[in-house]
Amino acid sequence: MAYGRRVLFDVVREVAFGGIGAAYAALGTPLTDNARQIKIVNTTDAEVYISFDGINDHLRFPTGSFDIWDFTTNKVRDDGFFLPTGTVIYQRRVAGAPTSGALWISVVYGAGGV
């Protein structure tokens, strides 16, 4: 079994305030690898929901907030606990439309196993 030996960063997935609507929309492209860590940042002046299926509200982010999710704390095994490759992350506003800021997600994954 191969273990990830290097930390790599996926492209930032970002949407400006004007792209955050009342219905769920994809926040960038699907994940290109198993995500070991994600950081979600909301610098808008409105609360936003995050969904991992585009239907249900899974996470709620207040104005000016962020969270870091480390799925594989101190683990390097490739059969571990990940947000899987191909996952699409969705976003929508909770109530009123934001008028400033952005919402973005940074993703960390592992590579270079032996």
ILVMFWY network linking [X] to [Y], side-chain heavy atoms under 4.5 angstrom:
X	Y	result
Val12	Ile68	yes
Ile40	Leu31	yes
Trp69	Leu27	yes
Leu83	Tyr90	no
Ile105	Val94	no

One thing to verify: whether Glu47 and Arg93 come together as a salt bridge, which I'm taking to mean a side-chain N less than 4.0 angstrom from a carboxylate O.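 No, no charged N to carboxylate O under 4.0 Å.
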Are [X] and [Y] close enough that some pair of their side-chain heavy atoms sits under 4.5 Å apart?
X	Y	result
His58	Asp53	yes
Phe71	Gln37	no
Trp104	Val15	no
Thr87	Phe52	yes
Leu103	Thr43	no
Val41	Lys39	yes
Val108	Phe9	yes

Pair Leu59-Asp67, side chain to side chain contact (heavy atoms under 4.5 Å, CB included): steps then yes or no: CA-CA 10 Å; Leu59 304 171; Asp67 209 347; over 6 Å; no
Qualifying residues under side chain to side chain contact (heavy atoms under 4.5 Å, CB included), relative to Ser100, sequence neighbours excluded: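 Here the qualifying residues are Asp45.
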Going by atom types only, do Ser51 and Asn56 share a side-chain donor-acceptor pair under 3.5 Å?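 Checked: Ser51/Asn56 side chains show no N/O donor-acceptor pair below 3.5 Å.
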State which residues pass salt bridge (charged side-chain N to carboxylate O under 4.0 Å, His left out) with Asp10; sequence neighbours excluded, sorted by chain then number.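 For Asp10 the salt bridge (charged side-chain N to carboxylate O under 4.0 Å, His left out) partners, ignoring immediate neighbours, are Arg13.
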Has Asn42 got a side-chain atom pairing as donor or acceptor with Ala46's backbone, closer than 3.5 angstrom?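 Judged by distance alone, yes, a pair lies under 3.5 Å.
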Check whether Tyr24 forms a cation-pi arrangement with Arg92 (NZ or CZ under 6.0 Å from the six-membered ring centre, at most 45° off the ring normal).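 Verdict for Tyr24: a cation-pi partner in Arg92.
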[X] and [Y]: which non-hydrogen atoms are nearest, and at how many Å?
X	Y	result
Pro30	Val88	CG-CG2, 3.8 Å
Arg36	Gly110	NE-N, 3.2 Å
Pro84	Asn34	CA-OD1, 3.6 Å

Just how far is it from atom CD1 of Ile89 to atom CD1 of Ile38, taken to the nearest 0.5 Å?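 Ile89 CD1 to Ile38 CD1: 5.0 Å, rounded to 0.5 Å.
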Would you give the length of the straight line joining atom CZ of Phe66 to atom CZ of Phe61, rounded to the nearest 0.5 angstrom?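 So the CZ of Phe66 and the CZ of Phe61 are separated by 10.0 Å.
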